[in-house]
Amino acid sequence: MPKVAIVAALEREVSGLTRNWNRVERQYQGRTFVFFEREEMVVVCGGIGAEAARRAAEAAIAVYRPIRVQSVGFAGALDAGLRVGDVFAPAVVVDARDGSRVEVDGAAGREHFTLVTFMAVAGVQQKASLAQAYGAQAVDMEAAGVAMAARVHGIAFGATKVISDELDFEVLEMSRFIDPQGHFRTANFAAFVSLRPSLWRRVAALARNSRKAARVLGEHLERYRQELNQSSGQSSARESEKIAASPAAAHPTPRSAATSGANAGGRE
C-alpha cells in the first residue's frame, strides 16, 4: 500500500506528476473518487475548497491507509518576495474559518513559513488583509481541510505548494464558477470571459502562470516520489516525514525562494 496520499484540488495542478500513472475509480460514502496510483504514492484530486479537500483526504485514508497525507497544489503569494513557480513546504497551516493553527509534521527545525487556507479566491486587497491578520506568506483553499482529516485519523500531515499568482496579481472572482462539490465549471467560465475582452489579457496571464506552476510542481513532486521509493525498505512514519522535510521539499523564505521557477523549471 502507498506510504503517502497526495490530495490536490484539480488534475491540472499535478498532471506533470501523474501522467502515465494507473488511474482507478473508487467509491467512498456514495461518492466516486479518481485515484492515480504508482508505487509508494497515491494522488486524489478532490475539487476546490477545504471541504472538498477534506472529503478527498478521508477517502484516500479509508481506501489506502497511508502513513502520511500531503496537501499539494497552487497557492497565492501574500509576500512580495514570492514569485510564480516558487515551491514551499509550510511549517504552519492556519484555517481562516476559525483561526485554528496546525503544526506540520516533520517541520521541526524548518524555517517558519505560514500558509493560510481561505474560503474564496483572494484578490489583491484580500491578500493584504490575510497577510496582516495571520502573519502568513501564502494562501490556498484546501490545506486546512486535509489537515483536519489527517488529525482525526492520527496520520502525519504535510503540505507542498507552488505559487501560481503573485501578491500584486488581481485574480478574477471565480466563486460563481465553482459548484458545491468543488468542481470548476470551465465551460461557464470560458463563456463568461469570451464576452468580456477586457479580461482576456488577465486570463491569458493566469493560464500562463498556472502552466508554469504546474510544471515546476510536477518536477518537484517527481523528485519527492523517487526519494520516497528509495526509502521503501523503511516503512515508519518517521522516515516518511524525513523525506517530506528534506531539501527536495524546498521552501522559500519570504524574500528568497529556495526553489524558484527560474531555477527549477492561480488556477486557470
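With sequence neighbours excluded, no residue satisfies side-chain contact (heavy atoms from CB on, under 4.5 Å) with Ala128. In this view, Ala120 and Phe118, Ser175 satisfy the side-chain contact (heavy atoms from CB on, under 4.5 Å) rule, not counting sequence neighbours. Considering only residues two or more places apart in sequence or on other chains, Arg151 meets the side chain to side chain donor-acceptor pair (under 3.5 Å) condition with Asp105. Qualifying salt bridge (Lys or Arg N to Asp or Glu O under 4.0 Å) partners for Arg225, counting only residues two or more places apart in sequence or in other chains: Glu39, Glu222.
Transitive grouping of hydrophobic side chains (ILVMFWY, heavy atoms separated by less than 4.5 Å) keeps Leu167 and Val87 in distinct clusters. Transitive grouping of hydrophobic side chains (ILVMFWY, heavy atoms separated by less than 4.5 Å) keeps Ile67 and Met148 in distinct clusters. Val152 and Val102 end up in different hydrophobic clusters when Ile, Leu, Val, Met, Phe, Trp and Tyr side chains are linked at under 4.5 Å.
Within the structure, the salt bridge (Lys or Arg N to Asp or Glu O under 4.0 Å) test picks out no pair touching residues 192-207 (sequence neighbours left out). Sorted by first and then second residue, the pairs that involve residues 113-128 and meet side chain to side chain donor-acceptor pair (under 3.5 Å), not counting sequence neighbours, are His112-Thr114, Thr117-Asp140, Lys127-Asp165.
Separating the CZ atom in Arg12 from the CZ atom in Phe184 is a distance of 7.0 Å, to the nearest 0.5 Å. Between the CE atom of Met41 and the OH atom of Tyr224 there is a distance of 5.5 Å, given to the nearest 0.5 Å. Considering CZ of Arg26 and CD of Glu37, their distance stands at 5.0 Å, rounded to 0.5 Å. Atom CD of residue Glu227 and atom CZ of residue Arg223 lie 9.0 Å apart, to the nearest 0.5 angstrom. Atom OG1 of residue Thr160 and atom CG of residue Leu221 lie 6.5 Å apart, to the nearest 0.5 angstrom. For the atom pair CG (Leu115) and CG (Leu78), the distance works out to 8.5 Å, reported to the nearest 0.5 Å.
Looking at heavy atoms from C-beta onward, Phe74 lies in side-chain contact with Val162 at the 4.5 angstrom threshold.
The pair Glu51-Arg97 meets the salt-bridge criterion, with a side-chain N (NZ, NE, NH1 or NH2) lying under 4.0 Å from an Asp/Glu carboxylate O.
The environment of CG in Asn20 is sparse: at most 12 heavy-atom neighbours from other residues, nucleotides or ligands sit within 6.0 Å.
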